[in-house]
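First up is the structure itself, then whatever we jot down about it.
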Amino acid sequence: QVQLVESGGGLVQPGGSLGLSCTASKATTYRMGWYRQAPGKQREMVATITAIGNMNYAEAVKGRFTISKNSANDMVYLAMNSLTPEDTAVYYCYFKELLKEYWGQGTQVTVSS
């Protein structure tokens, strides 16, 4: 089973930037990325990147967030810029295999106003 270890998160002011990192115990052959869950909302996809580098972003973060990975496909990073209070959520690292999905423990991102 794949274990995901996240780092980053914290308190930032609106307009600020923050970076999240996730390291997996095994590489993915399919897709990795970030999801988030805000208070009172369902968990939503933020950004994903496939093993060959194809990226997908939620409309709410497009142009502000950048997802990247290492060539070994066992690390994924999310650079978050121009943060707003609406970005406040618990952010979860996500790795997808053929038959299973793996999740990190979540890291809190709070954007104050």
Side-chain angles (χ1 to χ4, degrees):
Q1 188 173 6
V2 177
Q3 296 184 26
L4 306 178
V5 179
E6 299 166 317
S7 63
L11 302 175
V12 295
Q13 296 186 14
S17 299
L18 197 65
L20 306 179
S21 298
C22 178
T23 301
S25 59
K26 296 287 185 180
T28 181
T29 58
Y30 283 88
R31 187 170 67 253
M32 64 199 83
W34 296 91
Y35 285 66
R36 68 185 182 186
Q37 187 167 22
K41 298 182 179 179
Q42 292 187 304
R43 187 175 298 186
E44 64 178 356
M45 187 273 290
V46 177
T48 61
I49 184 167
T50 70
I52 61 172
N54 294 320
M55 294 169 285
N56 188 33
Y57 294 94
E59 286 296 324
V61 308
K62 197 171 296 182
R64 299 188 298 119
F65 292 9
T66 302
I67 190 169
S68 60
K69 67 177 186 69
N70 67 346
S71 59
N73 292 324
D74 60 4
M75 297 183 68
V76 62
Y77 177 75
L78 185 68
M80 302 182 291
N81 299 310
S82 301
L83 286 162
T84 74
E86 289 69 39
D87 295 314
T88 296
V90 177
Y91 285 69
Y92 297 90
C93 181
Y94 165 85
F95 271 60
K96 179 68 171 69
E97 301 282 358
L98 176 62
L99 299 177
K100 293 185 176 181
E101 299 175 340
Y102 302 94
W103 297 90
Q105 77 283 357
T107 183
Q108 178 71 47
V109 173
T110 301
V111 185
S112 66
S113 60

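What you see is a predicted model; the values in this text were computed from it and never measured. These values consider heavy atoms only, across backbone and side chains, with no hydrogens, waters or symmetry-generated copies.
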With sequence neighbours excluded, give me every salt bridge (charged side-chain N to carboxylate O under 4.0 Å, His left out) pair touching residues 72-85.
none
Going by the side chain to side chain contact (heavy atoms under 4.5 Å, CB included) test, name the single residue among Thr110, Val111, Val109 that passes it with Leu18.
Val109
Please check if the side chain of Glu6 supplies one atom and the backbone of Gly106 the other of a donor-acceptor pair under 3.5 Å.
yes
Atom pairs and distances, side-chain donor-acceptor, residues 45-62, under 3.5 Å, sequence neighbours left out:
residue, atom, partner, partner atom, Å
Thr50, OG1, Ile52, N, 3.4
Thr50, OG1, Gly53, N, 3.3
Thr50, OG1, Asn54, N, 3.0
Tyr57, OH, Ile67, N, 2.9
Glu59, OE2, Lys62, NZ, 2.6

Under 3.5 Å: donor-acceptor pair, side chain of Arg64, backbone of Ser82:
yes
Counting N and O atoms only, with roles assigned by atom type, does the side chain of Ser25 sit under 3.5 Å from a partner on the main chain of Val2, one being a donor and the other an acceptor?
no
Is it the case that the side chain of Lys69 and the backbone of Ser71 share a donor-acceptor pair, with hydrogens and angles ignored and the cut-off at 3.5 Å?
no
Hydrophobic cluster identity match, Trp34 and Tyr102, side-chain contacts under 4.5 Å:
yes
Which residues share a side chain to side chain donor-acceptor pair (under 3.5 Å) with Gln3, sequence neighbours left out:
none
Under the side chain to side chain donor-acceptor pair (under 3.5 Å) test, which residues partner Thr23, sequence neighbours left out?
none
Residues which pass ring-ring contact (aromatic ring centres under 6.0 Å, His included) with Tyr94, listed by chain and number, not counting sequence neighbours:
Tyr35, Trp103
Working to the nearest 0.5 angstrom, can you tell me the gap between Gln37 CD and Gln108 CD?
11.0 Å
Quick one: does any side-chain atom of Thr107 pair with a main-chain N or O of Gly8 as donor and acceptor, under 3.5 Å?
yes
So which atom in Ser113 and which in Pro85 form the shortest heavy-atom distance, rounded to 0.1 Å?
CB-CG, 4.0 Å
Are Ser17 and Asn81 side-chain neighbours, meaning at least one heavy-atom pair lies under 4.5 Å?
yes
Note, Cys93 side chain near Val76 side chain (heavy atom, < 4.5 Å)
yes
Quick one: closest heavy-atom pair of Asn73 and Phe95, and the distance?
O-CE2, 3.7 Å
Test of understanding: with side chain to side chain donor-acceptor pair (under 3.5 Å), list the residues that count as partners of Arg43, not counting sequence neighbours.
none
